[in-house]
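As structure tokens, the structure follows; a few thoughts come after it.
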Amino acid sequence: MIISEKMKAAQAIAEALGPVQIISVSKFVKVFYVKSKDIYVIPLRGHIQQYKNSPAYKKWNARDPREIITNPDAIRRFSNDFAGPYISALEKYGKICSLCIIGTDADVEGCSIGMIDALPFVKQVNPSIRIKQLWLNDLSQNSIVKAYNNLIPPKWSWAYSGDARAILDAIIGFSATREVSLTLKPILKKIGVGFTSIGRVQTSLLYLLYLREHLIRNFVSKPFWSLSADLALKDRTIVATHLKNNFTDKILAESIYNKIKNAKDAYVVSIKKSSKKILTPTPLNTSKTLVLITKILKITAKDALKTLEDLYLNKIISYPRTDSDVYSKTYDHLSILQKFLIHNTYGNYVKTRFRLKKVNPRQGKVDAGDHSPITPLISLEPTSPKFENDLQKKVYDLISRYYLALFGDPAEESDTKILFSIKEEEFISRLSVLTDQGFYSIAPFLSKKYDAPLDFFDQLSSGKDSNKTDSTTKTHLGTLPVKKINFREKGTQPPPRYNDSSLLKLMERKNLGTKSTRPSIIQILIDRSYIERKNRMIFVMELGFLLMDALKVIWLPFLDPKFTSNVEMQLESIRKEKKQMKEVVKDVKDEFLILFDKFRQEKPNFLSKMNVLEQTGNITRGRDNLIISNKKVFVPNKTRPDSSKNYKYSTALCPNCKKNPMKLVINRDYTKKFFVCDNCNTFLSLPKKGTPKILKSKCLICGFDVVKITRKVRNNSYDYYLCPKCWNQGLKEKTNEGFCSKCKDFTIENGKCVKKKEYP
DNA sequence: GCAAGGTC
């Protein structure tokens, strides 16, 4: 048996090894059987287990949060709720196989998924099974066959490194989140916030945002003065700035201004022209793609990643989570390019590529050995029904154009520096002109803004072929009339606010989070009311600001990204077998325990600083209408984590007021489930156990939406159906009605309420 | 109620 990390990889592995037979082990999980080799390839869904607090520590008040660090039994591994069918498959095939091959992704998390999450289930049913590892650099058939013929001993140290990461994140996160939340409980209650989370990555990121916010809030603008000249050139105006700009000495600047303000002519002293080639871009890894999409389409990182995933699942682009920007030598670019030949918009560009035989892409530098760079797999017109929404079209367009640009010619720009003399004062004007658009023709969004070409200066530089000249210097070449001399007072500006695009870059630079988690880390800070987005800019809210302000005197070593990079170094030493996992977990725990105790010591100071929140009742900043002093509870719904967009609604109207559809409310741990009417607050309760889903069909008795309830019992799941309205009626009247299976006249067929067939 | 990391 081969254990794989995901469905797509399982299928690719199986198909590379021989003809495949698909075995459905549950509604959604398939196992791929390669009959010729008698191999079962079993997919997983990433991690199938996670660390949680053991039952004794489940309640926040039950035990001292400090024990989460000191008591090794405080956290335990639990199977995820979707893991049932995967575990069943591991057990079923574990029993009948003699060799178990770990074929998860070739990285630390992949090893931990295969060996820590999945393998124990196999070993439990078959303790003597042999274990090997399939080390895959990509999912091409060649690589898979090669790796299969060269199985390696399992890389345990890699798996332990990942496991240590998970343990430390859980211990640090759970203990600190509880300790800080419980400390702030009275204050948080008053400002309507449930808890304040602390984590290795999110807290470092919040600290960096706090530092920037601090700079911006405390920024004092300093004045400076600038001199510039508007010069007339035919019907255009070109602007030249004083060579000594900017002036901090107002008197000096003013005296120059007075000297030249009535000048009529600007003498061209010299023209320097140089040209520069701009290389085609390098292939797209996840990080680059997220930065590109958020920047060009001005959407959030979360939406960008979601759209990439959707395009991938619809087989429109390749796997979107990769650290590589190098294609393997055997990557079949030709067949992709050929698909684009007939494209209405990109077709001509691609034809030219074939004509010029430019069919090899520019390569990047990093081959992380995971997946190929992000690549369009098919050629789609914007009208294609395969797109589910407008955003998918736009993202596909960006990725396709970018990919095609890898085969493009370099672009070329010319940079012209013109030095003027205005009454002996030197002024300079810089012009940047695109002289050869090269790959920008297919990917114009990669281009910076250029000036319109000015052939005037080409004539001035006496007819030399400027394209081939790197630098030409001419003196006293003529004059331009001065339209106006400008003398302006300006002020220094604070550093800019982060947006999703620059924040992703920051996280990459500071090595915070991974390609897959960065967008969700940003989202967590928003959900916690630590930060908010306004006009795509990130603002730190009062809660986040004060928290960092108060914590920085106690926890600086933890807030600094150096903490997480040190942890990562330690994890590396496990991977490289220089240190034992136990040793590293102990060291980091000890280090954090000292900080934890320091927090306890400083609690009174911390609390008094955070009390400001309570006094002003203000967790936000910059939204004037929300700053209400001396009111204890004010937090409007808007500043709370807004999950409203995730709500599902019934199509039927509220049976009471008949004005609104009803909102399906499910809280995070699925303990509360009900329909509620936003208008009249009417409730329809739902069964306590199981996950409800609104079906597209309506109850033929009352007209309300039929709901499917999925129940999971141990490793199995089953569905049943009910009508919430009839069911609530049944509860009230104790008639036990509303279950579709017990309905006299109707039944559910293919998810639809239909009349029962009558049998004569 | 909590983290960060995978993934449908």
Side-chain angles (χ1 to χ4, degrees), chain A residues 4-11 26-30 43-53 57-62 65 68-69 74-75 77 80-83 85-86 104-105 107-114 116-118 159 161-182 184-185 188-189 193-206 286 305-306 308-310 312-314 319-321 370-371 507 512-525 527-528 558 564 567-568 571 592 641 667-672:
Chain A
S4 156
E5 186 157 326
K6 47 189 162 273
M7 169 100 94
K8 183 201 165 190
Q11 187 171 7
S26 86
K27 208 164 179 182
F28 300 107
V29 180
K30 297 178 199 115
L44 298 175
R45 215 182 102 182
H47 282 289
I48 56 169
Q49 293 198 307
Q50 68 182 123
Y51 282 97
K52 287 185 182 172
N53 274 109
Y57 287 84
K58 212 178 164 194
K59 285 200 168 158
W60 284 35
N61 278 314
I68 296 176
I69 311 171
I75 61 164
R77 307 172 56 79
N80 289 330
D81 57 0
F82 61 79
Y86 298 96
T104 43
D105 288 0
D107 52 31
V108 164
E109 291 298 330
C111 290
S112 114
I113 289 167
I116 311 285
D117 287 13
S161 173
D163 196 28
R165 199 270 316 142
I167 291 171
L168 289 171
D169 280 341
I171 288 176
I172 292 171
F174 295 169
S175 64
T177 296
R178 287 182 187 192
E179 178 67 12
V180 176
S181 296
L182 293 173
L184 294 176
K185 202 171 181 180
L188 295 178
K189 203 175 172 188
V193 171
F195 57 90
T196 51
S197 60
I198 303 287
R200 175 175 60 85
V201 177
Q202 59 167 273
T203 306
S204 274
L205 181 62
L206 180 59
T286 304
L305 187 56
K306 171 83 173 68
L308 289 174
E309 274 166 6
D310 290 342
Y312 154 68
L313 288 173
N314 291 333
Y319 190 65
R321 284 179 281 262
D370 49 359
H371 301 271
M507 294 176 83
L512 290 177
T514 69
K515 56 189 180 294
S516 321
T517 59
R518 281 177 193 143
S520 61
I521 301 270
I522 299 173
Q523 188 59 40
I524 281 177
L525 295 183
D527 290 347
R528 300 285 180 271
F558 176 68
T564 165
V567 171
E568 269 150 31
L571 295 172
F592 191 70
N667 74 348
R668 266 198 153 180
D669 63 356
Y670 284 76
T671 49
K672 285 179 191 161

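Every value quoted in this text rests on a predicted model; they were computed, and no experiment measured them. Residue numbers begin at 1 in each chain, while the letters A, B, ... track the order of the sequences.
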Position toward the 5' end of DNA chain B (nearest nucleotide), A:Tyr57 or A:Leu44: A:Tyr57

Whether A:Thr104 side chain and A:Gly110 backbone form a donor-acceptor pair below 3.5 Å: yes

Rounded interatomic separation in angstrom, taking CD1 from A:Ile198 and C1' from B:dA4: 15 Å

Atom-pair distance (OH on A:Tyr86; P on B:dG6), nearest Å: 17 Å

Sugar-phosphate, base or nothing in reach of A:Asp117, heavy atoms under 4.0 Å: nothing

Backbone N/O of A:Val201 and side chain of A:Ser204: donor-acceptor pair under 3.5 Å: no

Presence of A:Arg528 side-chain N/O under 4.0 Å of B:dA3 phosphate oxygens OP1/OP2: yes

Whichever of A:Arg518 and A:Lys185 has its nearest DNA chain B nucleotide further upstream toward 5': A:Lys185

Distance test, side-chain N/O of A:Ser197 to OP1/OP2 of B:dA3, below 4.0 Å: yes

Separation of B:dC2 P from A:Asn61 CG (nearest whole Å): 15 Å

Which nucleotide in B:dG5, B:dA3, B:dC8 has an atom nearest any side-chain atom of A:Phe28: B:dC8

d(NE2, A:His47; P, B:dT7) in whole Å: 9 Å

Side-chain donor/acceptor of A:Arg200 to backbone N/O of A:Asp169, under 3.5 Å: no

Side chain of A:Arg200 - closest among B:dC8, B:dG5, B:dA3: B:dG5

Rounded distance in Å - CG (A:Leu305) to P (B:dA4): 16 Å

For atom CG of A:Leu525 and atom P of B:dA3, their distance in whole Å: 10 Å

Under-4.0 Å side-chain N/O to phosphate OP1/OP2 contact, A:Gln50 with B:dG5: no

Any side-chain heavy-atom pair of A:Leu205 and A:Ile521 under 4.5 Å: yes

More than 12 heavy atoms of other groups within 6.0 Å of A:Lys306 NZ: no

Any A:Tyr319 side-chain nitrogen or oxygen under 4.0 Å from OP1 or OP2 of B:dT7: yes

Short side-chain N/O contact to B:dG5 OP1/OP2 from A:Arg321, under 4.0 Å: no

Nearest-Å distance for atom pair CD1/C1', residues A:Ile522 and B:dA3: 17 Å

Nucleotide nearest A:Arg165 (side chain, heavy atoms from C-beta), chosen from B:dT7, B:dC8, B:dA4: B:dA4

A:Ser516 side chain near B:dG6 phosphate (N/O to OP1/OP2, under 4.0 Å): yes

Nucleotide B:dA4, atom C1' - distance to CG of A:Asp163 in whole Å: 13 Å

A:Ser520 side chain near B:dA4 phosphate (N/O to OP1/OP2, under 4.0 Å): no

Geometric class of the A:Tyr312/A:Tyr319 ring pair [parallel <30°, tilted 30-60°, perpendicular >60°]: perpendicular

N or O in side chain of A:Thr517 less than 4.0 angstrom from B:dA4 OP1/OP2: no

Sugar-phosphate, base or nothing in reach of A:Gly110, heavy atoms under 4.0 Å: nothing

